[in-house]
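Below is one structure, written out as structure tokens, with a few remarks after it.
Residue numbers start from 1 in every chain, and the chains themselves are labelled A, B, ... in the order their sequence lines are given, proteins ahead of strands. What you see below is based on every heavy atom in this structure, not just the backbone, and it leaves out hydrogens, waters and symmetry mates.
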Amino acid sequence: MKVDYSKFLSDNEAEIRKIVDELSKSFEHVTVLGKDVRGKSISAGRTASAVSDYFLGGKGFVVRAYKDGGYVEYSFNQIEDNMATTIKDAFNSLKTLCKDNDYEQYVTTCAEDFEGEEECFKEVGRNLSTLDLKECVETLKSYSDEALAMDEHIIEARFSTTIVEVSAFFMSEKGIMRQAYGFSEGSVAVMANKDGENKMDHYGVSGLKGVEILDELHALTKTVVDSTLELFGTERIEPGVYDVITRPDVTGLIAHEAFGHGVEMDMFVKNRALAKDYIGKQIASPIVNMRDGAAGIDHVSSYFFDDEGTKGTDTQIIKDGILVAGISDLTSANRLGTVPTGNGKRESTERKAYTRMTNTYFCAGNDKYEDMVKSIEYGFQLEGMQSGMEDPKHWGIQCMVTKGREIKDGKFTGRIVSPVILTGYVPDLLKSISMVSEEIEVDGNGYCGKGHKEWVKTSNGGPYLKAKARLG
Amino acid sequence: MNLQQILDILNTANCSDYIVNETNAYNTEMFVIDSKVDMTRVKTNTSYSVTVFVDTINGETKFRGSASTIIAVTASIEEAKKAIDDCCLAASYIKDRYYGMPEKLMSVNMAEGGDDHEARLKQVADALLNVKCKENEKINSFEVFVKDTEIHMVTSSGSDVRYHNKENQIEVIVNVGNEEHEIEIYYDDTFTLKSTEELTKDIEVQLQRGQDRMNAKPNNVVCDNIIISDKNVDGFGNYYAFKTNVQALYMGAVATKIGDSVYREEVLGDKITYKTYRNLDGAGNNAPCDGVGLASKDAVILEDGVCRNYIGSYRFGYYLNQACLPTIHTEFCGGKYTEAELKKEPYLECVEFSDFQVDSFTGNFAGELRLGYYFDGETITPVSGGSISGQLSKLEKELYFSKETVRYNNHVMPKCVLIKHASIAHVE
């Protein structure tokens, strides 16, 4: 089913064209991103249920103009009379501020214009117009009731789903691109209390899907309930370095935090990433391969063009353990003299574009999962992605993981440690990878920040990995 | 579209109650790399967020459902009406236990200004550009967001609230290096007003931390006294505040009654005192109430660990028949001992983490250590690497809050917290 292109964007395209034409008289290069992100989030649980718009939804425009070696931007969500003049005045005012105060300009070459008209409208199983909210609310509530009935210690079982449709156009002086695509996600979070102790776990589903995602949630119910309940009685891990097997969700977290952020090339421009000096060098075990791209696998961050009008690509970041390439937004690529990879993303039209990940994952290997477990003399299988934090400048890594499942002499003992914090030096961790399983799983339930802000949709994943890691 | 048109639609819509927020945001932003202006930006945005509440009755039981939507300023009357009608329909499908709305609140709290963006931008940019760096130090890059947001909230219960949030937000990256390697320190802050001297001092602290991290030894510290400082202290206050939250109480995650202690056993350290305020002078967020119109008040929530009032959303307070308060402006009060007194014995003070987290629901806390200071009883050595973790319910017996407090925008908290027996993962 086709994802409907935004009427708001269609209705305003001619007005935006006039603004581009007018501003082009005063600036060397002018582009406008128009975006309409529509979505519904539905959640149901014992204590509360709700229907709301997608939290990163909204519609608006951002004008980017180039003059005298630098860019300025103006974000707005309503087209007023004399809009071009308003924008021009704001730009001139900022230019004057910089000039009057002798603020030096970071000189950038101007991006190349594109000509012509291109479109890409993707399909999902069932688009947003088919969403039956009554059915959705009642279904999620029935799932929640079922989970709550499974154990007396469960105090809340929150089932939620979000269905999103993204429409965008990118207009330059001589061309326009349009796109529409959809993605959806669903999650189950179970909270339990036993003798005053609280435990919680969650699982999710996601993809370039529509309303049909709802059908996948029910199957998670027992898994999440069991996973939450087994957290009671868990112990804290004795801090140290262990052999570990990372489940694909934790593998994805490592891909994202350990290396994804580290190869965002706006960090190269600022000299904030060690990876800049390691292109062409061995930084991981020879069995490690890693990719990122909006045009690689189909997942929640797959699109035709990014928020700067660059078409999505598929970038191999690590090949046989060697760092071969980074990912970049348009401006960073211009500054570094590289080809932009279509990774320029904004939280919304209200925000600046930065280099951001799309779908980031370690590639599959040749090992059987069962052999990986058998090969562990003593260690833990790490499960449950909670959060992570990047450190591209020093290649540190922090991954918060829900549980470590103890393995002794190649067998699970039944003992679980929780929670687990994985830390270390990224190359040490990546070079320690000794086995890689045959299939990958990718999850797109999370959001990625840059520092502590600028939230965008990404997916991460990979196979099971065997490595050595410092756990605490 | 304007607020009155939306109110006109809502007053004839099929809903029992409603809340509308008109938000007008105006930002001026500057992005600087290596002391050169990378980009400047302006943002203007007007939006309307609408929440509707629809009551239904099944037999003798009354239910309430809610749904919310954003109405674009560019929407036509017909589009807004359809969005609100759809929202009312969606709310009617939700059969949550009935709850009411807070009392009517009339409040106007508009800050002066909104037309001084360039002056504010210049003040902050000049301060950051003119920090005097030593030969091996530099300001790598920074971002400045000068923000003005006017909010007008109207509810069906008669509340009419206007306020103006005036904030400056900065993100600053500093480097300290030698021939072998370079250190980066990340710093962010949000404030209404800081003098050039204050801003300079803040950055100088970060530069010193960079110097210390560059000379830091691998963290192999064995020490029972862990000190957490800066904004990371807030997580400890939030953990105890959660124990007085009406939603947590209703859910069954906590069981705190008014007059109960939030501690399970006898505590040797400081017992928490936590307060809410109607406002704090110079706060960036001037909201006099939460998102449904529940008014902020000056109140003691926890007094020496004893629950005196609840916090949280009006809805769950209604369910429990308990008054509760929002936590827009808070104070996590200081303890018995000064920072100097807490630092008499050997300690590891953790000042920079990758991301220090305290999970209020489980009590778990953890973070990768980027910079700590180890005092062995005689000398202080900077250390880096490894992690600190623990479970608050098992460690709260000996938790001490410094007497000195610091203010971060809307929140006041102890300058540091001393926790005993937390787990340290070492660097091999």
Side-chain angles (χ1 to χ4, degrees), chain A residues 8 47-53 57-60 70-78 90 93-94 97-98 101 103-106 133-134 137-138 155-156 191 193 196-200 236 239-241 269-272 350 352 387 389 391 393-394 396 398 400 419 421 423 451-452 470-472, chain B residues 29 31 33-47 65-70 72-74 89-91 93-94 96 118 121-122 125-126 140-141 171 173 184 186 188 247 250-253 255 264 354-355 357 361-362 364 366-368 370 386-387 389 391 423-426 428:
Chain A
F8 167 78
T47 55
S49 302
V51 176
S52 62
D53 287 353
K59 50 186 81 173
Y71 284 106
V72 282
E73 286 193 348
Y74 192 98
S75 300
F76 58 103
N77 70 345
Q78 63 178 323
S93 180
L94 285 169
L97 174 78
C98 293
N101 291 286
Y103 297 154
E104 196 178 341
Q105 173 78 50
Y106 193 117
L133 279 173
K134 184 170 190 289
V137 167
E138 289 175 354
I155 55 175
E156 180 60 292
M191 287 163 247
N193 178 285
E197 193 181 2
N198 290 326
K199 299 291 180 189
M200 185 178 100
R236 295 198 69 82
V241 175
V269 172
K270 295 176 182 174
N271 203 22
R272 290 189 60 199
E350 296 179 33
K352 182 180 181 287
S387 68
M389 181 49 78
D391 186 11
K393 182 71 179 177
H394 315 102
Q398 169 177 319
M400 305 290 282
I421 176 169
T423 57
H452 294 279
R470 184 191 307 134
L471 308 179
Chain B
E29 304 166 3
F31 302 81
I33 302 172
D34 205 11
S35 301
K36 296 172 190 158
V37 178
D38 167 30
M39 182 181 277
T40 46
R41 300 185 86 247
V42 170
K43 172 188 121 175
T44 64
N45 189 290
T46 300
S47 66
S66 75
S68 59
T69 191
I70 304 290
V73 66
T74 51
L89 204 57
Y93 301 142
I94 293 172
D96 283 344
E118 291 189 4
L121 185 65
K122 174 177 157 42
D126 282 350
N140 173 295
S141 51
E171 181 188 88
I173 311 298
E184 169 180 305
Y186 174 97
D188 64 357
Q247 183 168 8
Y250 183 72
M251 190 197 291
R264 287 193 193 185
S354 293
D355 184 22
Q357 296 186 9
F361 184 74
T362 61
N364 294 321
E368 183 201 25
R370 288 189 179 175
S387 63
S389 61
Q391 222 289 339
S423 184
I424 307 174
H426 293 143
E428 296 294 313

How far apart are the closest heavy atoms of B:Phe361 and A:Met200, and which atoms are they? CE2-CB, 3.7 Å
If I compare all heavy atoms of B:Ser141 with all of A:Arg272, which pair ends up nearest, and what's the gap? OG-CD, 4.2 Å
Does either side chain, that of A:Asp53 or that of B:Thr69, offer a donor lying less than 3.5 Å from an acceptor on the other one? yes
Taking the side chain as everything from C-beta on, heavy atoms only, tell me whether A:Leu97 gets closer than 4.5 Å to B:Thr40. no
Under 4.5 Å to a heavy atom of chain B? For A:His452 that would be both
For A:Ala50 versus B:Ile94, what's the shortest heavy-atom pair and its separation? CA-CD1, 3.6 Å
Between the main-chain N or O of A:Lys393 and the side-chain N or O of B:Glu184, is there a donor-acceptor pair closer than 3.5 Å? no
Mind checking whether A:Asn77 and B:Val73 have side chains closer than 4.5 Å, heavy atoms only? yes
Rounded distance [0.5 Å steps], CD in A:Glu73 versus CZ in B:Phe31: 8.0 Å
Taking every heavy atom of A:Arg470 against every heavy atom of B:Ala425, the minimum-distance pair comes out as CD-CB, 4.4 Å
Side chain, backbone, both or neither: which part of A:Met400 has a non-hydrogen atom closer than 4.5 Å to chain B? side chain
So, taking the atom named CG in B:Asn364 and the one named CG in A:Asn198, what distance separates them when rounded to the nearest 0.5 Å? 10.5 Å
Given a strict heavy-atom distance threshold of 4.5 Å, which part of B:Tyr186 is in contact with chain A: side chain, backbone, both, or neither? side chain
Any idea which of A:Glu156, A:Lys59, A:Met191, A:Glu197 has the most non-hydrogen atom pairs under 4.5 angstrom with chain B? A:Met191
Portion of B:Asn140 that has a non-hydrogen atom of chain A nearer than 4.5 angstrom: side chain
Side chain, backbone, both or neither: which part of B:Gln391 has a heavy atom under 4.5 Å from chain A? both
What are the two closest heavy atoms between A:Ile155 and B:Gly252, and how far apart are they? CD1-C, 3.9 Å
Does the pair A:Met389 and B:Glu368 meet the rule for a side-chain contact (heavy atoms from CB on, under 4.5 Å), with working shown? CA-CA 9 Å; A:Met389 181 49 78; B:Glu368 183 201 25; over 6 Å; no
Could you tell me whether the side chain of A:Lys352 reaches within less than 4.5 Å of the side chain of B:Asp38, counting heavy atoms only? yes
What pair of heavy atoms forms the shortest contact from B:Ser387 to A:Ile421, and how long is it? OG-CG2, 3.5 Å
Do you know which of A:Ser75, A:Gly58, A:Gly472, A:Pro239 has the most heavy-atom pairs under 4.5 Å to chain B? A:Ser75
Looking only at heavy atoms and a cut-off of under 4.5 Å, which of B:Asn45, B:Leu121, B:Thr46 has the most pairs with chain A? B:Asn45
Can you tell which part of B:Glu118 gets under 4.5 Å to a heavy atom of chain A, answering side chain, backbone, both or neither? both
Flag side-chain contact, heavy atom, 4.5 Å: A:Tyr103 against B:Lys122: yes
Are B:Asp355 and A:Gln398 close enough that a side-chain donor and a side-chain acceptor fall under 3.5 Å? no
What part of A:Asn101 is in contact with chain B, defined as an atom under 4.5 angstrom from a non-hydrogen atom: side chain, backbone, both or neither? side chain
Determine whether the side chains of B:Ser389 and A:Arg236 contain a donor N or O and an acceptor N or O closer than 3.5 Å. yes
With distance as the sole test, does B:Asp96 use its side chain to make a donor-acceptor pair with the main-chain N or O of A:Ala48 at under 3.5 Å? no
Choice from B:Gln357, B:Arg264, B:Met251 maximising heavy atom contacts with chain A below 4.5 Å: B:Met251
Tell me every residue that passes ring pair (Phe, Tyr, Trp, His ring centres under 6.0 Å) with A:Tyr106, counting only those two or more places apart in sequence or in another chain. none
Max heavy-atom pair count under 4.5 Å with chain B, selected residue of A:Thr423, A:Asn271, A:Asn193: A:Thr423
Considering only heavy atoms, which portion of A:Val72 lies under 4.5 Å from any heavy atom of chain B: side chain, backbone, both, or neither? both
Worked check of side-chain contact (heavy atoms from CB on, under 4.5 Å) between B:Thr44 and A:Tyr74: CA-CA 8 Å; B:Thr44 64; A:Tyr74 192 98; 3.5 Å; yes
Residue B:Ala253 versus chain A: region with a heavy atom under 4.5 Å: both
Which one wins on heavy-atom pair count under 4.5 Å against chain A: B:Arg370, B:Glu171, B:Gln247, B:His426? B:Arg370
Which residues pass the salt bridge (Lys or Arg N to Asp or Glu O under 4.0 Å) test with A:Lys270, not counting sequence neighbours? none
So which part of B:Leu89 gets closer than 4.5 Å to some heavy atom of chain A, the side chain, the backbone, both or neither? neither
When A:Gly60, A:Cys98, A:Gly451, A:Ser93 are compared by non-hydrogen pairs under 4.5 Å with chain B, the top option: A:Ser93
With chain A as the partner, which of B:Ile173, B:Asp34, B:Asp188, B:Ile70 has the greatest number of non-hydrogen pairs under 4.5 Å? B:Ile173
